[in-house]
Amino acid sequence: MSARNDRRQHLVSKVADALRARIAAQPAASSVRARHQRGGLDLRKRLMIVGGALALGSVALVVRAFDVQVVNNAFYLQQGQARSLREIPIPTSRGMITDRNGEPLAVSTPVESVWGNPKELLENPARIPELAVALEVPADVLTRKLTQRANKEFLYLKRRISPEQARRILAHNIPGVFSQREFRRFYPQGEAMAHVLGFTNVDDRGQEGLELSFDHILSGKPGSKRVIRDGQGRIVESVDLIKAAEPGQDLTLTIDRRIQFLAYRELRNQLVKTGASSGSAVVLDIATGEVLAMVNLPSYNPNAVAMGNADAHRNRAVTDVFEPGSTMKPITVAAALNAHIVTPDTRIDLNPGYMQLGRYTIRDHSNYGVQTITGVITKSSNIGAAKLAARMKDQYFYDFIRQFGYGQKPGSGFPGESAGVLAMPSRWSGTTKATMAYGYGMSATPLQIAMVYASLGNGGKLITPTFVKGERNEPRQVLDPQIAHEVMRMMQTVTETGGTATQAAILGYHVAGKTGTARKYSETGGYTRRYLSYFAGVVPVQNPRFSMVVVVNDPDPERGYFGGLVSAPVFRTVMDGALRLMDVPPDDIDTWIAAQNSAQHANELRGEEGPVLPDASAAAPLADATLLAPVNGGAQ
């Protein structure tokens, strides 16, 4: 009983202690609440503070957005435009080249170039084989090119193709593949005009010939514009024209397309006939110095330069030099006449057909006995030329030759012009002057020889040749007109009966000219049994209009190698055509009428009726009179 009472009393005691502890704790909690209220941290004020902070942040964002988009937006506009706005070039066409009659010789045609973004293409490797098939290139080659330029955004995939080809490639819709407009050069006359015009490279810049010489005029100035591209590089909108494209200027040449093709055809036929390795021909307008035709063989196709022989790109008529051989003899005679040491009727003893000069022997083809100065040219005597040179002072002879342009660049403006070789008297040996008198010991280009003969036909006036129509170079008097006329009359005998180039005769016209057959110099020293065959001439003798030089290199000796046989026929055919194309009146009407009457009579004997044109090529072939080397077995 007492134990139960003790437990009850103990329980009551615990309850009482708990009540006392609770009562004691109530003042402390009230004190904390009071402190919180005094510090202003109640819930309402806390919400107001948070709301105010958010409002201030919103205002700050609005102000910043206004500043970025309105007040100071230049930087961000620039950054945005850098990602979408592009400045791209506007291609321009190259100027057209025409002949003197306005016929197109070089034109620019629009083409397409396909390009790609290597970064984007490499992100789609599964499409690369498909692209390779479209481009017609091996897939591994294309992959290698793209990998090598993985950090670039531009790579030409195929350039200068037709718009149709470009459309077929783009039709595959391969990401990162685009096209752009370009221009490609086209040469309608092909090989016939290749050496004069030259060609352009893949960027449409002149590389050879007049394309190179006048590149600054023909190329024009590309323009530029701003466009907006989308994320895949496609042009969405043209924004602004920065600079308009300026097309290249057109260029009108002095070349006559008809005479050019005629010269090319005849020279090609003659090279095939004689087995020669190469040849050149130049036609000049005597009164103006205009280049009417200039051809070289072998040639190349300027529309497919990569497939040709690079050595064939050289314009041999301007860059290659040769010993001029007997084409030099009229200048030697002119020098002697100008020095008043001889007259056209002065007689020279050429017996016995050879002449000893120190330890060397100069020979003629035959023993011509005693000849006048005219006969020296008619028979093409090396001995006669050497004897005339011996009568002249060294410095005088050198100065006289040089004033005709030998040893100097012609000045036509054609790239790569050669000056030839004309040694000063201080460098001459004992036989130099004698051999120079008939075209050895010096060298010249076909263009230089054509200039010299044009000056003889122009009354002794030398005119710098030109390729640009309308360009006029002032003539320079290098020889007395009377002497020039006398030399022309002497050269006329070369194409008449008894001369060395009757195959150069043109029915109805008097022709003045000179053959040459020079032995080629050997790289090991001395002269070989290979030849250069020349003919240089002027037509007509009365009121001369054209000067032409034909050089045939290395004809087969078994088929003939004399200039009168090899080069003169080319001259006759080309000049016959040129005289008629240019409506040049005949200066030998009597011969024409006589030939026509003879042909008509022969026609009547055969019982045929109708008008008859005489055969202009009926002259019998004659070899050059001499073929001697400058020393012991020279050439003519």
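M424 CE: 12 or fewer foreign heavy atoms inside a 6.0 Å radius. The environment of NZ in K461 is sparse: at most 12 heavy-atom neighbours from other residues, nucleotides or ligands sit within 6.0 Å. In this structure, E474 places its CD atom where only 12 or fewer heavy-atom neighbours from other residues, nucleotides or ligands lie under 6.0 Å away. Within a 6.0 Å radius of CG in D349, other residues, nucleotides and ligands contribute more than 12 heavy atoms.
Side-chain contact between S455 and F404 is present, with at least one heavy-atom pair separated by less than 4.5 Å. Between L456 and I331, the closest side-chain pair of non-hydrogen atoms falls below 4.5 Å. Side-chain contact between F414 and K409 is absent, with no heavy atoms from C-beta onward closer than 4.5 Å. For the pair M436 and W428, the minimum side-chain heavy-atom distance is below 4.5 Å. Contact annotation: the side chain of I259 approaches that of L581 to within less than 4.5 Å [non-hydrogen atoms, C-beta and beyond]. P465 places a side-chain heavy atom less than 4.5 Å from the side chain of M451. Using a 4.5 Å cut-off on side-chain heavy atoms (C-beta onward), L253 and R100 make no contact. Side chains of Q356 and I362 form no contact here, defined as non-hydrogen atoms less than 4.5 Å apart.
Between the side chain of Q403 and the backbone N or O of V478 there is at least one donor-acceptor pair closer than 3.5 Å. Between the side chain of S213 and the backbone N or O of G413, at least one donor-acceptor pair lies under 3.5 Å. A donor-acceptor pair under 3.5 Å is formed between the side chain of Q408 and the backbone N or O of R402. Under a 3.5 Å cut-off, the side chain of S533 and the backbone N or O of V566 do not form any donor-acceptor pair. Q477 places a side-chain N or O within donor-acceptor distance of the main-chain N or O of G459, the cut-off being under 3.5 Å. Of the possible polar contacts, one joining the Q260 side chain to the A192 backbone as a donor-acceptor pair under 3.5 Å is found. The closest donor-acceptor contact from the side chain of R559 to the backbone of K273 lies under 3.5 Å. A donor-acceptor pair under 3.5 Å is absent between the side-chain atoms of T372 and the main chain of T346, judged by distance alone. Using modelled atom types, no side-chain atom of E208 and backbone atom of H195 make a donor-acceptor pair closer than 3.5 Å. A distance-only check finds no donor-acceptor pair linking the side chain of D99 to the backbone of T254 [under 3.5 Å].
For the 3.5 Å distance criterion, the side chains of S412 and E417 qualify, holding a donor opposite an acceptor. Side chains of Q270 and E266: a donor-acceptor N/O pair is absent below 3.5 angstrom, by distance only. Using modelled atom types and a 3.5 Å distance limit, the side chains of K329 and T332 yield no donor-acceptor pair. In this model, no donor atom of one side chain and acceptor atom of the other lie less than 3.5 Å apart for Y406 and Q448. Judged by distance alone, the side chains of N543 and D587 never bring a donor and an acceptor atom under 3.5 Å apart. Between the side chains of S278 and N553, at least one donor-acceptor pair of N or O atoms lies under 3.5 Å.
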Problem set entry | Test side chain to side chain donor-acceptor pair (under 3.5 Å) applied to K379 and T500, step by step | CA-CA 7 Å; K379 300 299 183 182; T500 60; over 6 Å; no
For this session: Starting from the C-alpha separation in whole Å, work towards a yes-or-no answer on side chain to side chain contact (heavy atoms under 4.5 Å, CB included) for Q542 and M488.
Result: CA-CA 10 Å; Q542 305 287 343; M488 285 282 292; over 6 Å; no
For this session: Determine, stepwise, if the pair T466 / E471 fulfils side chain to side chain donor-acceptor pair (under 3.5 Å).
Result: CA-CA 7 Å; T466 179; E471 183 177 273; 2.6 Å; yes
For this session: Verify side chain to side chain donor-acceptor pair (under 3.5 Å) between T573 and D576, making sure each step is shown before the conclusion.
Result: CA-CA 5 Å; T573 306; D576 187 41; over 6 Å; no
For this session: Please step through side chain to side chain contact (heavy atoms under 4.5 Å, CB included) for the pair V295 and M193, ending with a clear verdict.
Result: CA-CA 7 Å; V295 299; M193 286 293 304; over 6 Å; no
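Using the six-membered ring where Trp is involved, Y300 and H313 have ring planes that are tilted, between 30° and 60° apart. Ring geometry, Y561 versus Y531: the interplanar angle falls under 30°, so the pair is classed parallel (tilted spans 30 to 60°). The aromatic rings of Y438 and Y440 stand perpendicular to each other, their planes meeting at an angle above 60°, with 30° marking the opposite boundary.
Paired with V538 under the rule side-chain contact (heavy atoms from CB on, under 4.5 Å), one option of V511, N458, I286 passes, and it is I286. Partner of L388 under the side-chain contact (heavy atoms from CB on, under 4.5 Å) criterion, out of I383, L337, I348: I348 alone.
A salt bridge does not link K520 with E323: none of the charged nitrogens is closer than 4.0 Å to a carboxylate oxygen. At a threshold of 4.0 Å, the pair R316-D311 counts as salt-bridged, since one of the basic side-chain nitrogens sits closer than that to a carboxylate oxygen. Contact check on D583 versus R580 returns no salt bridge, with no Lys/Arg side-chain nitrogen under 4.0 Å from an Asp/Glu carboxylate oxygen.
For the residue pair F397 and A437, the shortest heavy atom distance occurs at CZ-CA, 4.1 Å.
For the atom pair CD1 of I483 and CG of N338, the computed distance is 4.5 Å after rounding to the nearest 0.5 Å. To the nearest 0.5 angstrom, M392 atom CE is 12.5 Å from D399 atom CG.
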